[in-house]
Amino acid sequence: MRNICISCIWVFRERKIVLIVVVLFFLFLFSGVMQASDDPKNLHGKILTNDTEDQIALNRIKMIFYNNGIGSYNRSSSSPGLYWSEDMHYTKTAIFLDGVLLGFKVKDSVFVTGNAFRTALQAGKIMPDKKPDDPKKPEYKIWKIRKDWDKLPAGPERSRLEFDYNNWPVTDGAPWVDVDGDRIFTRGKDIPEFLGDEVNWFVVNDMDTARSLFLYGSKPMGLEIQTTIFAFKSSALLSDALFKKYVIINKGIKNLKDGYFSIWSDPDLGNPSDDFVGSDTIGNMIYCYNGDNNDDMIYGYGERPPAVGYVLLQGPMVMYDKINYPVISRRNLPDSAITNRSWRKGKTNLPLTAMGYFLGGSSYYPDPYQGNYRGAKEMYNIMSGKSWDGLDTLGKVYTQAGRCIFTGDPESGIGELEWRTGISPGDR
């Protein structure tokens with residue numbers, strides 16, 4: 001595995017607390033530096049569990065994703081599943097796979113769940129008796145609505161969109177608009193919420209013990225994750241953007257503390273063997289860019305290849321703590337935070353706090369063990385901005401936002417950059 005993750009920390013001490021996180025996934029044109037490598041990656045045999053799949057292809061980004069939380073993966077060909085094309089033909093890829101990872105402590109024990117090359121999550125919600133509902137129920141599919149569904153010609157696509165609009169699973173947590181203002185969803189009056197021109201929604205939980213152990217060897221925590229994936233069609237600026245919103249609910253019996261939310265990603269920007277990565281602590285962004293100005297592969301981007309990245313738009317909301325979470329931008333004022341489009345006084349949205357970095361063959365940046373509890377402890381350390389063994393990783397830069405690496409500007413060549421370390425570009 002070669003990948004990167006973006007983390008925030010919060011304290012999750014009380015049960016049934018809801019955390020909402022919004023992440024922007026985007027592509028942009030970017031001129032890289034340094035020379036390329038010709039060692040291609042073996043694209044097969046990485047995913048061992050997948051469930052129902054769907055895709056979003058509304059603008060210049062196409063992403064294949066699954067109702068177990070895994071995104072940007074094409075299981076039919078064991079190949080990258082996120083594409084970017086100026087002509088919307090979707091022949092060139094940018095991400096092999098991505099997902100979300102959540103890490104917590106219960107007393108002194110570490111628990112990690114979510115998605116990497118394996119998944120600990122299954123479809124469905126957690127019921128009031130603390131048990132997971134049957135993941136095979138039809139309501140735990142991926143739900144999709146589009147603003148223009150009623151203008152489509154008659155056929156399977158229109159029928160599916162019409163059904164999903166008319167049966168939008170509000171009682172399971174899908175977002176909706178309270179048109180009549182009575183705080184009760186009434187079909188025929190209240191409507192699904194169009195966060196974008198197309199909206200996809202599904203719910204997962206971590207209550208499958210076999211899957212939880214298969215990921216990093218830790219047991220279920222009782223977490224339910226409601227995921228919304230949306231995009232815009234018409235905006236020139238947002239035609240290269242895709243949004244993901246996560247609502248995380250602790251429905252278990254454990255008090256969870258010292259939590260981390262991370263986006264886990266294996267970027268393959270065209271040719272996967274010539275990439276670098278970096279982070280922007282002011283912009284709450286991590287990204288991958290080409291090692292030079294020519295992505296030379298049969299499915300590469302050629303001259304002036306784009307870059308791909310993730311921006312944390314709305315981090316978890318916590319009580320403001322100016323000692324541990326200094327204010328670094330207007331979005332993180334100590335007296336206010338935003339959640340579900342509402343302002344909350346006396347709290348703040350956490351910014352990017354760390355960037356983990358996995359590099360094959362490196363003793364400083366190895367991948368955590370999978371299927372073994374050792375892996376949970378190693379991943380939790382990485383999510384906190386340390387090395388896998390809990391020490392401060394060589395090359396880490398301590399910033400106001402936390403522990404991030406490669407925080408320089410690749411365009412100008414100023415600051416800490418991966419290519420300055422002497423490491424060759426490659427699969428990240």
Member of Arg146, Lys233, Lys147 meeting the side-chain contact (heavy atoms from CB on, under 4.5 Å) criterion with Glu198: Arg146
is_close_aromatic(Phe111, Phe104), centroid dist under 6.0 Å: no
Option among Asp164, Asp51, Asp54 that satisfies the salt bridge (charged side-chain N to carboxylate O under 4.0 Å, His left out) test with Lys141: Asp164
Validation row, ring centre Phe276 to ring centre Phe406 under 6.0 Å: no
Greater than 12 external heavy atoms within 6.0 Å of Tyr90's OH: yes
Backbone N/O of Val112 and side chain of Ser218: donor-acceptor pair under 3.5 Å: yes
Side-chain donor or acceptor of Asp178 paired with backbone N/O of Arg183 under 3.5 Å: yes
Passing candidate, side-chain contact (heavy atoms from CB on, under 4.5 Å) with Gln226, options Val204, Ile248, Val203: Val203
Asp275 side chain vs Cys288 backbone, donor-acceptor pair below 3.5 Å: no
Positive for side-chain contact (heavy atoms from CB on, under 4.5 Å) with Met127, one of Asp134, Asn205, Asp133: Asp133
Plane angle bin for Phe232 and Phe230 - parallel if under 30°, tilted between 30 and 60°, otherwise perpendicular: perpendicular
Ring-ring centroid check Phe96 Tyr73, cutoff 6.0 Å: yes
Atom CG of Asp108: over 12 foreign heavy atoms under 6.0 Å: no
